[in-house]
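Worksheet: the structure to be examined is printed underneath.
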Amino acid sequence: MTPSKKLSERRAFLTFLAASPVLAYSGFSSRWVDEVLAAPLPQQNEFVIKSVKEALNVFDFDAAARVKLTPAHYTFITDGSFNNETLRANREGFDKYEVRLRRLTGITTVDQSVKLFGKTWESPIFFSPVGRMSAYYPDGAVVLARAAKATRTLQILSGSAVVLIDPTGIENVVAARGEPVWLAGLGSTLDEKAIRRFESTGCPVLVWTIDDGGANTIGAKSLQRAGVRDLEREADDRCVGCHSNLPKISRISPSTPMDVLGSIGSLQGETSVKLNWDDVKRVRNMTRMKLVLKGIVAGEDAALAVKHGVDGIIVSNHGGHEDASGRGTIECLPEIVSAVGGKIPVLIDSGFRGGADIYKALALGATAVGVGRPHIWGLAAFGQEGVETVIAILRRELQAIMAQTGAATLAQIRRDSLIPRG
Ligand SMILES: Cc1cc2nc3c(=O)[nH]c(=O)nc-3n(C[C@H](O)[C@H](O)[C@H](O)COP(=O)(O)O)c2cc1C
C-alpha cells in the first residue's frame, strides 16, 4: 500500500471514530480526533522515539541517533560511497527472494543458537566491526561490549575502534565483555605488530577486512563544502578525546576532520586493493588465531580463501561504504556458499535490518549474519539499552519467521523455503 493510501485510510477510520457514540461513552471528546486529523502523520524516519520502549523496529533507532549525533558523524554512518549504488543494492537484494511459509507447524519454541569455531552463541546475529566508536557514544566500544555480554552476542571489535585513541582500548573492551573478543584489522594496516598486539589480548579469531577501496564517500565532504563544520566538537566531551589527539593518532586533521571521510581513489593511501593472495599466505603463516576474511563477494575468491587455509569468510561490502558495484551481498551469497562447499563457515553482513532479511541469508547457507549501522544507531540513541533492544527486536523477528516456516532450529531452515521473486 502506498503511504498516501495508508494515510487516507487512517483518516477515514478516525473520521468514522469521531462520529461514533462509542467515543462519547468512553469519556473522550472528539476534539482529539480533530487534532490528530489536523496534524500530518510523520513518516517513520521523521518520528523520534524518546525511549527504547517506543521502538517498533530497528529503523526507529536511525532517527533517534540522528538527533543525538553531529551532522558529520551521522552522515558518515548513514552514507554509502559514490552515489549509494551499493548501499541501495544491499536492501533491494532482499526483495529478489520471497519466503514460502507453512501453516500449523506446531512450533512452540525456537532455538537460534549457532556454533562458530567451537563456541556456541545465543543467536546467529552478530555485531560487525565499526571504527571510531567513541564518535557515536562515550566509550562506545566498551558500552557495546556490555550489551554484547548481556545478550550473549558475538562482537567483532574493529582495531580502529579503540586502538587509534587508546593504547589499552582492547583490554577495556575485553574486561567489559568478560572474555577475549574477535578483532578486525584493516587491509594493509594489519602488519606483524598489529597481529602480535591482537594475540596478546587472547583474541581467538582475527578478522581481516579486505574490502576498503578508497571510497568516494561524499556525504561528509558535501557538508563541509556547504560550510558545516564540526565547531561544537571543541566544547563537546564526546569529541575532544579524539579530536584533540588527532595529529598523533590518525590522518584526520583537527581543523578539517571531515577530509578523511571522502578519500577518493583505490590506489591512494593504504587500501586493500594493493594486496594479493601472497599477503594472505603471509598472514596465515604468521599466527595461530583463526583467520576470517571480511569482504569476499565472488565465488572464485571464496574458493581461493579455502585454498589458502582461511578459516571463515564474511561476505560483505562494508555496508555499501566502499564500492560502486551496485551488487547487494545477499545476491553474492549463493555463489560463495557453492564455492566453499561447506568447508568453512560463511558469515555475511551489509543491509540487514529485519528478521526476514536474516532468515533469507540463513536459508541461502549463511552461518551467521552481522549488523553494523543498526547497533550503532541503538548505541548512539540510547547507549547499552539501545543496543540490547536492537538485538532483541531482530531476534524476535527472526523467531517469528522461523516458526512460520516450520524451523525450530537453524539446521531446520530449508533452502527451498525461499523462492526467487518472479
Ligand atoms: C560507520 C562505519 C564504520 C565502519 N568501520 C569498519 C571497520 O573499522 N572495520 C570493518 O571491518 N568494517 C567497518 N565497517 C563495516 C561494517 O563492519 C559492516 O560491514 C557494515 O556496517 C554492514 O552493513 P550495515 O551497516 O548495512 O549493517 C564500518 C561500517 C560503518 C557504517
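Values below: all heavy atoms of this structure, side chains included; hydrogens, waters and symmetry mates excluded. Whatever order the structure lists ligands and atoms in, that order sets their numbers, starting from 1. Being a predicted model, the structure only gives us computed values, none of them experimental.
By the 4.0 Å heavy-atom criterion, Tyr136 is counted among the residues contacting ligand 1. In this structure, Leu186 does not count as a contact residue of ligand 1, since none of its heavy atoms falls inside 4.0 Å of the ligand. Ligand 1 has at least one atom lying under 4.0 Å from a heavy atom of Val130.
Donor-acceptor pairing under 3.5 Å is lacking for the side chains of Thr75 and Arg66. Looking only at atom types and distance, the side chain of Thr287 has a donor-acceptor partner in the side chain of Glu199 under 3.5 Å away.
Between Pro129 and ligand 1, a contact under 3.5 Å exists for at least one N or O pair. For ligand 1, the polar-atom distance check against Gly131 finds a nitrogen or oxygen pair separated by under 3.5 Å.
In the candidate list His375, Arg373, Lys294, Lys294 is nearest to atom 10 (C) of ligand 1, counting heavy atoms. Nearest-residue assignment for atom 28 (C) of ligand 1 (options His321, His318, Arg132, Met133; heavy-atom criterion): His318. Residue Ser158 holds the heavy atom nearest to atom 8 (O) of ligand 1 of all those in Ser128, Gly320, Gly295, Ser158.
Between Phe382 and Trp377, a ring centre-to-centre spacing not shorter than 6.0 Å is recorded.
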(request) Give the intermediate values and the outcome of side chain to side chain donor-acceptor pair (under 3.5 Å) for residues Ser350 and Asn317. (result) CA-CA 6 Å; Ser350 299; Asn317 55 33; 3.1 Å; yes
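Taking the centre and axis of the six-membered ring of Trp121, the NZ or CZ atom of Lys119 falls inside the cone set by 45° and 6.0 Å.
When each atom of ligand 1 is checked for a heavy atom of Gly372 under 4.0 Å away, the hits are 21 (O), 24 (P), 25 (O), 27 (O). Close contacts of ligand 1 with Gly351, meaning ligand atoms under 4.0 Å from a residue heavy atom, involve 23 (O), 24 (P), 26 (O), 27 (O). Atoms of ligand 1 lying under 4.0 Å from any heavy atom of Ser316, numbered from 1 in the order shown and given with element: 19 (O).
At a 4.0 Å heavy-atom cut-off, ligand 1 does not touch His73 at all.
Considering only residues two or more places apart in sequence or on other chains, Tyr74 meets the ring pair (Phe, Tyr, Trp, His ring centres under 6.0 Å) condition with none of them. Applying the ring pair (Phe, Tyr, Trp, His ring centres under 6.0 Å) criterion to Phe59, with sequence neighbours excluded, gives no partner residue.
His375 and Phe127 have tilted rings, their planes meeting at an angle from 30° to 60° on a 0 to 90° scale.
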